Amino acid sequence: MSGEVYPVPAAVKKKALIDDATYKTWYQQSVDDPEGFWSKHGQRIDWFKPYTKVKNTSFTGKVAIKWFEDGVTNVSYNCIDRHLEKRGDQVAIIWEGDNPYDDKKITYRELHDEVCRLANAMKARGVKKGDRVTLYLPMIPEAAYAMLACARIGAVHSIVFGGFSPDALADRIVGCESSFVITADEGLRGGKKVPLKHNVDLAVEVAEREGVEVDTVMVVRRTAGKIEWFSDRDVWYHEAVSEQKPECKPARMKAEDPLFILYTSGSTGKPKGVLHTTGGYLVYASMTHQYVFDCQDGDIYWCTADVGWVTGHSYIVYGPLCNGATTLMFEGVPSYPDASRFWDVVDKHKVTIFYTAPTAIRALMGAGVSFVNRTSRKTLRLLGSVGEPINPEAWEWYYNVVGEKKCPIVDTWWQTETGGIMITPLPGATKLKPGSATRPFFGIQPQLVDNEGQVHSETVAEGNLCIVDSWPGQMRTVYGDHERFIQTYFSTYKGKYFTGDGCKRDADGYYWITGRVDDVINVSGHRMGTAEVESALVSHDSVSEAAVVGYPHEVKGQGIYCYVTLMGGYDGDDGLRKALVQHVRQEIGPIASPDKIQFAPGLPKTRSGKIMRRILRKIAEDDFGSLGDTSTLADPSVVDDLIENRQNKT
Ligand code: PRX
């Protein structure tokens with residue numbers, strides 16, 4: 001937590017929207033008088049009917065969170081229509097394809113027409129306000145059109161990342177009872193094809209067996225690859241939109257009407273459908289986008305995330321478009337055709353603001369500086385990081401090599417549940433410390449609490465990170481299971497939102513996120529419940545029991561380490577290891593591929609049968625010298641075998 005402090009560069013400070021004095025004044029106002037503060041900033045979006053009530057939130061009892069509740073608006077209107085007069089011919093979306101010769105620019109006016117046509121096509125096929133629409137799409141402009149078309153007619157989108165398997169997709173279709181799916185024939189990433197439509201076909205079958213009928217699958221033609229076609233159910237996107245008019249009146253949406261569901265992993269059970277609503281979410285996403293990235297007219301802003309994750313929702317589509325910015329959408333991967341790709345795209349499209357994940361930085365760092373140095377990057381003025389703690393070495397490489405010491409880095413801490421950035425530097429206001437997300441955004445009141453619920457209010461402190469009052473971008477419920485919402489986030493510490501992260505605060509009041517304190521691991525910035533991987537493993541015929549933990553991984557941040565106890569008659573060999581990896585990929589998707597599998601005749605359990613994960617984590621880290629007290633184990637001898645056969649021997 002020590003190390004160098006990087007002051008705000010004078011050139012940045014001069015032009016920035018928020019300086020340090022403004023940050024401090026606004027922050028104080030936002031916590032002293034949240035009503036007054038948000039009443040003012042809620043007006044940053046257009047309302048068909050202005051709100052008179054601002055904040056009506058409670059973190060106790062049934063936990064009810066309402067912002068701007070009597071206001072009426074529409075997200076698509078705010079992201080498109082209101083810009084048309086001034087910015088109709090400005091580029092809204094720059095699309096960069098997987099192939100470096102493939103790109104496209106879409107103006108706000110074109111965006112309007114595309115979104116309206118699709119909205120009409122969806123309406124014509126029976127999609128109504130409140131219906132859930134599943135999107136399983138590559139990073140193509142149609143993904144943004146589909147999100148905005150749903151918002152336009154009041155349908156609720158649920159995006160499933162293209163790297164999830166048919167089974168995982170089916171779970172999410174069933175979870176929100178979605179009868180309309182939009183996909184593409186195939187995705188294209190790093191020159192490789194992803195069989196999206198085929199996966200949808202399989203998922204729809206599974207969903208049907210579970211009682212959820214998908215009546216329409218709309219298919220974008222991306223590669224023109226061969227696919228199966230079910231003419232009573234499937235419809236080509238281009239055919240459906242071609243017969244529609246480019247005008248569609250935006251639906252009048254109440255501030256608390258649902259905007260989207262996004263499934264995310266927790267420490268127990270199946271992924272939860274995080275529900276975000278309309279008004280507060282948009283106010284918070286757009287405000288954080290403007291101030292955290294200091295986004296101003298003329299900026300070309302690029303967030304490298306996928307729209308399958310919350311970062312893509314808030315900071316590729318909703319935040320930037322609500323602000324009338326130019327947002328870049330990238331279909332490919334950082335290593336294709338080679339490790340210069342990010343910087344080539346920066347030069348090609350004159351990107352000024354660049355937002356990515358530490359795992360990408362570490363991978364590119366490993367490829368060597370020549371891939372960076374052969375590019376100019378002279379348009380860059382700001383860099384951002386999100387998804388996991390950024391280690392100081394990666395931070396410094398990003399700062400020195402990519403930004404050539406000119407660009408501040410905003411290390412932004414937030415979550416699917418928070419809707420937008422929560423702890424972050426503001427480029428014109430905050431001195432930087434590599435590895436620290438620094439200070440809370442307006443309206444965010446962090447608290448560090450120990451396992452006994454004791455609040456550590458002294459400046460220098462450490463504990464579990466909680467947020468004590470609501471902010472407009474907060475999730476409202478777990479879709480269809482409000483009790484789970486209360487249990488997961490508000491029961492550990494009464495009256496507080498518990499983030500699941502550990503955190504330290506230093507003498508300057510800066511926050512340093514130390515990582516998850518629950519059984520959630522963060523693999524290449526993708527969040528995964530160890531329980532999900534365990535249940536995928538035990539569904540294989542050979543496995544009787546499995547325990548999964550994370551371990552430090554040079555590029556991915558955390559790797560997936562699996563301890564597997566086999567059924568009698570199976571041999572733990574490399575063939576079976578491969579089969580199990582394949583099985584988990586099939587159950588969840590390639591993002592959940594186990595990195596290490598250790599066959600273990602027994603797992604360390606307490607006498608009451610609880611697996612002691614602390615021990616398993618230590619062994620996976622190859623740090624078995626400090627296993628701590630093992631005397632409460634039912635059979636302490638299993639530990640010797642686990643150490644002997646560990647897979648991470650150094
Ligand atoms: O552990 C934190 C980590 O990512 C988790 C949230 O994951 P997800 O909901 O998938 O959202 C990722 C993108 C917002 C958090 O609980 N995390 C995210 N950003 C940071 C981070 N950890 C440290 N520093 C960050 N900047």
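Remember, it's 1-based here, ligands and their atoms both numbered in the order they're listed. Heavy atoms only: backbone and side chains are in, while hydrogens, waters and symmetry mates are out. Since the model is a prediction, treat every value here as computed from it, not as a measurement.
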Please work out whether the ring planes of Y27 and Y23 are parallel, tilted or perpendicular, with thresholds of 30° and 60°.
parallel
Would you please classify the geometry between the F260 ring and the H313 ring as parallel, tilted or perpendicular, with 30° and 60° separating the classes?
tilted
Any idea which atoms of ligand 1 are less than 4.0 Å away from a heavy-atom of [X]?
X    : value
R527 : 6 (C), 7 (O), 8 (P), 9 (O), 10 (O)
N522 : 3 (C), 4 (O)
W414 : 6 (C), 14 (C), 15 (C), 18 (C), 19 (N)
I513 : 22 (N), 23 (C)

I'd like to know whether K272 forms a salt bridge (Lys or Arg N to Asp or Glu O under 4.0 Å) with D481, so could you lay out the CA-CA distance, the side-chain angles of the two residues, the decisive distance to 0.1 Å, and finally the verdict.
CA-CA 9 Å; K272 308 179 269 291; D481 195 351; over 6 Å; no
Ligand 1-proximal atoms of [X], by part, heavy-atom distance under 4.0 Å:
X    : answer
Q415 : both
T412 : backbone
A437 : neither
T416 : both

Among protein heavy atoms, which lies nearest [atom], and at what distance?
atom                    : value
atom 23 (C) of ligand 1 : P389 N, 3.1 Å
atom 19 (N) of ligand 1 : G387 N, 3.1 Å
atom 13 (C) of ligand 1 : T311 OG1, 3.4 Å

Consider ring pair (Phe, Tyr, Trp, His ring centres under 6.0 Å). Of Y398, Y301, F293, F330, which one does Y355 pass it with?
F293
Run the ring-centre check on F354 versus F342 and record whether the distance is less than 6.0 Å.
yes
Give a yes or no on whether the ring-centroid distance for Y511 and W413 is below 6.0 angstrom.
no
Applying the salt bridge (charged side-chain N to carboxylate O under 4.0 Å, His left out) criterion to R439, which one of D20, D411, D508 satisfies it?
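Single salt bridge (charged side-chain N to carboxylate O under 4.0 Å, His left out) partner of R439 among D20, D411, D508: D20.
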In terms of heavy-atom contacts, does NZ of K431 have more than 12 from other residues, nucleotides or ligands at under 6.0 Å?
no
Does any N/O atom on R516 come nearer than 3.5 Å to any N/O atom on ligand 1?
yes
Taking distance alone, with N or O pairs closer than 3.5 Å, would you say D501 contacts ligand 1?
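Yes, at least one N or O pair falls under 3.5 Å.
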Is a salt bridge present between D19 and K13, judged by a nitrogen-to-oxygen distance below 4.0 Å?
no
Determine, for E256 against R476, whether the closest basic-nitrogen to carboxylate-oxygen distance falls under 4.0 angstrom.
yes
Non-hydrogen atoms of G515 versus ligand 1: any pair closer than 4.0 Å?
no
Should one rank E417, E388, M422 by closest heavy-atom distance to atom 21 (C) of ligand 1, which comes out on top?
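Of the listed residues, E388 has the closest heavy atom.
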